[in-house]
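On a predicted model such as this, the values are computed, not experimentally measured, just so you know. Just so we're on the same page: letters track the sequence lines, and every chain starts at 1. No hydrogens, no waters, no symmetry mates; every other heavy atom, side chains included, goes into these values.
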Amino acid sequence: MFHSIEKQVSSAFRAHIQIRYGIDLPVTIEQPRQSEFGEMAVPAAFQLAKQLRQAPKKIAAELAEEIGPIPGVASLEVAGNGYINIRLDRGAYGAALLRGETAASADTSGKVIVEHTNINPNKAAHIGHLRNATLGDTFVRMLRAGGQRVEVQNYIDNTGVQVADVVVGFHYLEHKGISEVKALLADPAVRFDYYCWDLYARTSSYYKDHAESLAWRSATLHAIEAGEGDVAELAHLVADAIVKAHLKTMLRLDVEYDVLPRESEILHLKFWAYAFELLKERKAIYLETEGKNLGCWVMPGLSEEGKVIVRSNGTVTYVGKDIAYQLWKFGLLGKDFYYEPMHTYADGRVLWVTTDQPTPNQPTPNQPTPDQPTTAAHEFGHATRVFNVIDARQAYLQEVVVAGLRALGYDEQATQSVHFNYEMVALSPRCCADLGIPIPEEDRKKPYVEVSGRKGQGVKADDLMDSLIAKALEEVTSRHADDPPEKNQKVAEQIAIAALRYFLLKFTRNTVIAFDLQEALSFEGETGPYVQYSAVRARNILRKLAERGEQIPDFATELDAEAMKRQLESEDFWQMLLAASKVDAIVAGAVSSGEPAHVAKYAFQVAQTFSNFYAKYPMITEENREKKVFLLWMTDFFRRQLERTGAILGIQIPEYM
RNA sequence: GCGCCCGUAGCUCAGUUGGAUAGAGCGGCUGACUUCGAAUCAGUAGGUCGGGAGUUCGAAUCUCUCCGGGCGCACCA
């Protein structure tokens with residue numbers, strides 16, 4: 001609602017300025033610092049002052065005088081040195097919200113691909129992976145809330161060094177073959193992803209002590225790349241099992257995907273070979289004839305020596321494969337994967353995985369069948385914009401990929417390739433102490449410490465969630481001893497996930513998170529559970545009313561524009577309603593700035609506003625009928641807005657708290 | 001050495017893309033549960049926005065410089 005008026009005001013000013021001064025100015029709308037100044041402020045006069053060489057105050061006066069009526073706006077006034085402050089028509093605003101007007105603006109500007117999670121399938125997920133997935137998933141929800149078509153991809157590097165190292169562990173260190181690993185997988189007492197976590201650490205440390213054993217790694221990599229033999233089969237077995245474990249972990253957080261493109265298919269379907277020809281043909285890479293990169297295919301430009309794309313032994317680097325993959329995402333490769341369904345989510349959405357050959361009797365994504373209803377357009381790739389949610393430390397490699405697109409002449413796609421970067425999750429020294437991770441003396445005073453996955457250090461995602469759920473269950477049970485345990489369990493899970501997601505989202509992307517277990521376990525203050533608690537309280541009021549034998553009023557018939565106007569004369573009510581009605585504006589802003597944290601912050605603010613409202617205005621005992629109905633409507637409105645905003649953050653509202 | 005990021009209240013962080021009197025949570029201190037459930041609310045203390053210079057009507061935000069921290073710059077990903 002707020003957002004649509006904002007857009008109207010902006011375009012009205014833009015049009016007027018165009019006619020009046022012949023200047024095309026994209027008019028921005030700000031929020032006045034003080035609420036007494038009104039609901040919106042237009043600083044356009046300041047920008048015009050430079051070009052017109054006139055005092056901003058004079059221009060502002062002209063604009064305010066001449067612009068004429070704008071729907072929803074009650075008055076304009078010039079303030080300060082040249083601000084135009086805008087007051088909204090409160091009655092009309094409230095009445096529109098009462099009617100439930102929603103500006104459903106479907107974005108038709110093509111499809112967006114968001115690639116996130118991308119965990120190496122060789123061990124259990126850790127806290128850093130959760131930041132990636134939570135950021136990516138929330139951004140997807142934000143885009144979808146704005147009407148955007150989004151495809152979620154989770155790239156699986158099932159042929160890389162990390163998988164090879166675990167295979168080395170099984171094969172050379174533990175002398176386990178396919179049947180032994182299958183036995184491990186079948187053993188309910190073994191958590192395979194945790195097992196691999198430790199095995200990977202053991203392999204890494206073995207390499208360190210026995211440098212000659214690195215030959216095992218390259219032998220394994222070659223076997224995997226060739227795709228034949230027991231070692232390759234073992235690698236597939238491990239990677240597939242770990243991918244399933246990751247999907248399960250992510251599902252606990254309500255994170256879902258549309259398709260899993262796998263590196264093995266990029267290799268087998270010769271995506272790289274095609275991209276390689278393209279790069280050579282368009283002179284984006286050259287064969288180095290001297291120096292340390294002798295015999296390599298190199299992309300020039302980004303660093304002094306250039307970036308090696310193809311090694312002197314003929315194998316392709318990760319960046320090379322990523323260029324091919326990025327081309328495919330934009331539909332520029334002229335090749336496609338084959339697909340098969342891998343999993344069906346609770347809402348019927350199907351998760352597809354790539355394969356290297358057509359699977360008989362399986363519906364393919366491009367040919368939906370009657371029993372395979374089309375929920376999204378069943379054609380993967382062909383995006384107009386691509387967001388790659390990847391750790392900031394890989395910025396250089398992402399630049400190389402984009403430079404590759406540009407060198408191939410795909411400037412448009414290069415600009416539409418966004419590295420959605422974020423800083424790492426480190427651990428606070430206190431947290432390391434809590435977890436028994438040894439840290440060097442000089443690190444104890446640092447705000448955070450980066451721990452090593454190779455050493456098997458870190459916080460496993462599932463362990464963290466388990467701790468959060470245990471803590472939440474304790475809290476829930478202490479308040480609801482009479483409720484059935486399975487219900488309390490469900491509530492505890494919702495609270496734990498909300499706490500976790502909110503914790504990971506409240507920091508802006510370029511802030512290093514110093515993870516602290518005690519802080520993450522907190523359910524008070526600026527946390528996910530606080531947001532949930534507000535929504536639950538709003539719902540409780542309406543339920544309490546029914547328990548007292550009162551009907552929930554039919555708001556639309558009992559309140560009209562006049563009643564709204566009367567009630568909203570109260571500055572307090574007006575400010576509260578205003579705060580709660582800005583979801584669309586906030587989400588739109590957060591999408592353009594690429595900051596899910598802004599949505600999290602807003603959710604907290606709305607929750608806080610409601611808590612304040614709740615404490616200040618008892619409503620069940622309110623005697624003035626109109627006011628009572630209004631208060632109840634406000635409560636219901638808050639509830640809806642909190643649920644909506646929560647849903648965008650992936651936070652569910654529990655039945656009780 | 002080159003490149004990118006960061007420095008804001010005791011702690012952890014926001015700061016609407018250059019706007020009006022710098023905000024929040026935690027922690028501290030005062031208060032509020034017989035009331036729609038206190039995972040809450042009200043109040044209070046706490047700032048030379050790392051230092052300096054510049055750009056202009058206007059700077060936490062842009063430029064330069066210095067100080068302090070982080071991360072990259074592989075024929076790893």
A/Phe46: which residues meet the ring pair (Phe, Tyr, Trp, His ring centres under 6.0 Å) condition with it, sequence neighbours left out?
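Once residues adjacent in sequence are excluded, the partners of A/Phe46 under the ring pair (Phe, Tyr, Trp, His ring centres under 6.0 Å) criterion are A/Tyr83.
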With sequence neighbours left out, what residues match A/Phe573 under ring pair (Phe, Tyr, Trp, His ring centres under 6.0 Å)?
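Here the qualifying residues are A/Tyr617, A/Phe630.
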Quick one: classify the glycosidic conformation of B/rC73 as syn or anti, with syn meaning within 90° of 0.
anti
By the rule that syn is within 90° of 0, classify the base conformation of B/rU40 as syn or anti.
anti
Within the structure shown, what part of the strands sits under 4.0 Å from [X] by heavy-atom distance: base, sugar-phosphate, or nothing?
X        : result
A/Asp322 : nothing
A/Lys616 : nothing
A/Ser522 : nothing
A/Gln532 : nothing
A/Leu294 : base
A/Thr511 : sugar-phosphate
A/Tyr617 : base
A/Phe523 : base
A/Ile309 : nothing
A/Val42  : nothing

On a whole-Å scale, what distance lies between the [atom1] atoms belonging to [N] and [M]?
N      : M      : atom1 : value
B/rA45 : B/rG31 : C1'   : 15 Å
B/rG69 : B/rG51 : C1'   : 16 Å
B/rU8  : B/rU61 : C1'   : 12 Å
B/rA32 : B/rC67 : C1'   : 48 Å
B/rG43 : B/rC4  : P     : 45 Å
B/rG70 : B/rC57 : C1'   : 38 Å
B/rU21 : B/rC64 : P     : 28 Å
B/rG68 : B/rG52 : C1'   : 15 Å

Kindly say if [X] contacts the phosphate of [N], meaning a side-chain N or O under 4.0 Å from OP1 or OP2.
X        : N      : answer
A/Tyr502 : B/rA39 : no
A/Arg479 : B/rA39 : yes
A/Tyr533 : B/rA39 : yes
A/Tyr448 : B/rG69 : no

Which heavy atom in A/Cys431 sits nearest to a heavy atom in A/Asp516, and how many Å separate them?
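Heavy atoms of A/Cys431 and A/Asp516 come nearest at CB-CA, 4.2 Å.
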Please determine whether a side-chain nitrogen of the Lys or Arg among [X] and [Y] lies less than 4.0 Å from a carboxylate oxygen of the Asp or Glu.
X        : Y        : result
A/Arg262 : A/Asp157 : no
A/Lys601 : A/Glu526 : yes
A/Glu655 : A/Arg543 : no
A/Glu550 : A/Lys628 : yes

With heavy-atom distances below 4.5 Å as the criterion, would you say the side chains of A/Trp272 and A/Leu279 are in contact?
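They are in contact (side-chain heavy atoms under 4.5 Å apart), so the answer is yes.
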A/Val298 side chain reached by A/Lys307 side chain, heavy atoms, under 4.5 Å:
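Contact flag for A/Lys307/A/Val298 side chains = no.
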Take atom [atom1] of [X] and atom [atom2] of [N], then tell me their distance rounded to the nearest Å.
X        : N      : atom1 : atom2 : value
A/Glu623 : B/rU35 : CD    : C1'   : 15 Å
A/Phe515 : B/rU12 : CZ    : C1'   : 14 Å
A/Tyr530 : B/rU40 : OH    : C1'   : 7 Å
A/Leu48  : B/rU56 : CG    : P     : 20 Å
A/Arg539 : B/rA39 : CZ    : P     : 17 Å
A/Asp157 : B/rA77 : CG    : C1'   : 7 Å
A/Ile620 : B/rC36 : CD1   : C1'   : 4 Å
A/Tyr422 : B/rG70 : OH    : C1'   : 17 Å

Kindly express the pairing pattern of RNA chain B in dot-bracket notation, using | wherever a base pairs with another strand and counting only Watson-Crick or G-U pairs under 3.5 Å.
(((((((..((((.....[...)))).(((((.......))))).....(((((..]....))))))))))))....
Pairing residues for [X] by the side-chain hydrogen bond (donor to acceptor under 3.5 Å, both in side chains) criterion, not counting sequence neighbours:
X        : answer
A/Ser204 : none
A/Thr159 : A/Glu263
A/Asn421 : A/Arg509
A/Thr317 : none

Criterion ring pair (Phe, Tyr, Trp, His ring centres under 6.0 Å) on A/Phe276 and A/Trp297, from CA distance to verdict
CA-CA 10 Å; A/Phe276 190 26; A/Trp297 285 88; 5.5 Å; yes
Got a sec? Which of residues 596-613 of chain A come in under 4.0 Å of RNA chain B, heavy atoms?
A/His598, A/Lys601, A/Phe604, A/Gln608, A/Ser611, A/Asn612
Within residues 390-402 of chain A, the residues having a heavy atom closer than 4.0 Å to RNA chain B are A/Arg393, A/Tyr396, A/Leu397
Please produce a list of atom pairs where a protein N or O lies less than 3.5 Å from an N or O of nucleotides 6-9 of chain B.
unit_1 : atom_1 : unit_2   : atom_2 : d
B/rC6  : OP1    : A/Asn510 : ND2    : 3.4

On the side chain of A/Ser312, is there an atom forming a donor-acceptor pair with the base of B/rC75 - under 3.5 Å, no angle test?
yes
Answer with yes or no whether A/Asn85 presents, from its side chain, a donor or acceptor under 3.5 Å of a partner atom in the base of B/rA20.
yes
For RNA chain B, whose closest nucleotide is more 5', that of A/Val316 or that of A/Ser592?
A/Ser592
Suppose the criterion is ring-ring contact (aromatic ring centres under 6.0 Å, His included): which pairs have a residue in residues 496-516 of chain A, not counting sequence neighbours?
A/Phe503-A/Phe507, A/Phe503-A/Phe515
Is the ring centre of A/Tyr530 less than 6.0 Å from the ring centre of A/Phe604?
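Ring centres of A/Phe604 and A/Tyr530 closer than 6.0 Å.
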By the salt bridge (Lys or Arg N to Asp or Glu O under 4.0 Å) test, which pairs, at least two apart or in different chains, include something from residues 586-595 of chain A?
none
